[in-house]
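Whatever order the structure lists ligands and atoms in, that order sets their numbers, starting from 1.
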Amino acid sequence: MKRLIIHHIRQLVTVSGPNRLRRGAEMGDLKIIENGFLVVEAGKIIALGSNRDYLAFVNTEQCELINGEDFIVLPGFIDSHTHLVHYGSRENDLERQAKGESYLDILKSGGGIHQTVSQTQNASFSQLYEKAKASLKTMLAFGVTTVEAKSGYGLDFASEKKQLEVGKALNKELGPLVVNTFMGAHAFPKTCEHRDTYLSNLLKWMEVFRKEELAEFVDVFCEEGVFSLAETKLILERAQALGYGLKMHADEMVSLGGTSLAVSLNCHSVDHLLVTKDEDIDLLATSTTVATILPLTSFYLNKPMARARFMIDKGCGIAIATDYNPGTSPSENLQLAMQMAFLKGKLTPEEIITAVTINAAVSLGLEKRKGSFEVGKDADLVFLKIPNLAYLLYHFGINHVHSVYIGGQKLIERET
Ligand code: NIG
Ligand code: FE
């Protein structure tokens, strides 16, 4: 592979700094080089800095030179919370919601997640694969170079495994890195008569999936009528003992105490947080757990967004993700989630970029490889054709990506 040199970059947003969660005011302290350069070799960043120094890296035969004067270049965006692999769609939920049923009413009556579960169980590997691949391509076109993908629409051993195997197989094709999370604790299966039977199944499956290296994280939907706080604790403690990283869906509809449990278990992230109490925000602010907000989900459910502005002001470290799933966020558009965090959540452009780069990388344990431009890190790059960073968030609902590189290879180039 030739050495790639991007020179005269109008703004090189490096996000450089410590490879750890950026919290509170640190989230707004975004490192940007005006008129910068970046050098990539063998898929990694080998140099970056002010444009005046780039010529030293030009070794004539072996170089590809790109003029970056029209672009803002950033680390590839990381979508750290998705339910990428599933089958079917749920526009029918909307009709029920219009007639007054809530999300949890529909779930309780055997619809909602259960509808997607039966469609996912009945889908073949290749049907699931093709659908997920199409979504992954859409995400890539929006500038996303790493995607977390949860299981949890199988709820039996074979179907959960099938979902995780689709995630792994997608990694073999050139494209965004897919990080698998086992989320068998997404709902109790309709056919399950004893909660304890399903809980002990989950513990067994976790052990198998760990041995087979099918998942890096375990996540639980800690919610009223779904998994209780005690059940969540049981599952996550076992997962931790098996060596998984931990995640939790908490405080989406009802606050059960999930956030303080997530902090005490040192979860990589706790996600949703629509109804998180002040005292739990104080706890999060003193922790290394990433507070992941999902603005498209609150928009879709017509609920107030998580109090991200307040959380950052209190000292928390935030990530922003799509929660792409068929029931509460049928959209792969991470830029739209970022735009909502700006327009509705009053986060600054700098905080929002931190939230989808280094903080999202931390939430997936990838902070040493991804999420900022540092020598030795992966060359995942997004070129945006915009006049300034705020414009990305102001001109909403469209795609501002010009091109996307993963590991130094160009995968997307759009007419902009
Ligand atoms: O993250 N909250 C739980 N899981 C998904 C929704 C799943 C569904 O409704 O299919 C979420 O919002
Ligand atoms: Fe989710």
- Note on the structure: For Ile113, the ligand 1 atoms with a heavy-atom partner under 4.0 Å come out as 7 (C), 8 (C), 9 (O), 10 (O)

- Item | Sub-4.0 Å heavy-atom contact, His86 with ligand 1 | no

- Flag His272 as yes when one of its N or O atoms lies below 3.5 Å from any N or O atom of ligand 1, and as no otherwise. yes

- Query: In terms of residue, atom name and distance, what is the protein heavy atom nearest to atom 2 (N) of ligand 1?
  - Reply: Glu252 OE1, 2.8 Å

- Message: When you measure from the heavy atoms of Thr116 to every atom of ligand 1, does any distance fall below 4.0 Å?
- Response: no

- Identify, by atom number and element, the atoms of ligand 1 in contact range of Tyr103, meaning under 4.0 Å from any of its heavy atoms. 6 (C), 7 (C), 8 (C), 9 (O)

- Task: Could you check atom 12 (O) of ligand 1 against the protein and tell me its nearest heavy-atom contact, residue, atom and distance included?
- Result: Thr328 OG1, 2.7 Å

- Could you list which atoms of ligand 1 come closer than 4.0 Å to a heavy atom of Tyr153? 7 (C), 8 (C), 10 (O)

- Query: Applying the side chain to side chain donor-acceptor pair (under 3.5 Å) test to Asn19, which of Lys377, Arg369, Lys368 qualifies?
  - Reply: Lys377

- Per-atom filter on ligand 1: closer than 4.0 angstrom to a heavy atom of His81 are 1 (O)

- With a 3.5 Å cut-off and no angle check, do the side chains of Thr181 and Glu148 form a donor-acceptor pair? yes

- So with a 6.0 Å cut-off around CD of Glu279, is the heavy-atom count from everything else above 12? yes

- Query: For His249, what is the atom name of its N, O or S atom nearest to the Fe ion (ligand 2)?
  - Reply: NE2

- Query: What class does the angle between the rings of His86 and Tyr324 fall in, given that below 30° is parallel, 30 to 60° is tilted and above 60° is perpendicular?
  - Reply: tilted

- Message: Just checking Phe157: does its CZ atom have more than 12 heavy atoms from other residues, nucleotides or ligands closer to it than 6.0 angstrom?
- Response: yes

- Query: Do we get Lys162 above Phe125's six-membered ring, with its NZ or CZ under 6.0 Å from the centre and within 45° of the axis?
  - Reply: no

- Numbered atoms of ligand 1 (with element) below 4.0 Å of His186, judged on heavy atoms: 3 (C), 4 (N), 5 (C), 7 (C)

- Message: Just to check, does Glu223 reach to within less than 4.0 Å of ligand 1 when the distance is taken from its heavy atoms?
- Response: no

- Query: Under 4.0 Å between a Lys/Arg side-chain N and an Asp/Glu carboxylate O for Lys44 and Asp378?
  - Reply: yes

- Task: State whether Tyr244 and Arg210 meet the cation-pi test: NZ (Lys) or CZ (Arg) under 6.0 Å from the six-membered ring centroid, and within 45° of the perpendicular axis.
- Result: yes

- Message: If the threshold is 4.0 Å, N to carboxylate O, is there a salt bridge linking Lys133 and Glu173?
- Response: yes

- Note on the structure: Closest to the Fe ion (ligand 2), among the N/O/S atoms of Asp323, is atom OD1

- Item | Contact atoms of ligand 1, heavy-atom distance to Arg90 under 4.0 Å | 8 (C), 9 (O), 10 (O)

- Query: Is the Trp205 ring parallel, tilted or perpendicular to the Phe182 ring (thresholds 30°, 60°)?
  - Reply: perpendicular

- Note on the structure: shortest atom 11 (C) of ligand 1-to-protein heavy-atom contact is with Asp323 OD2, 3.2 Å

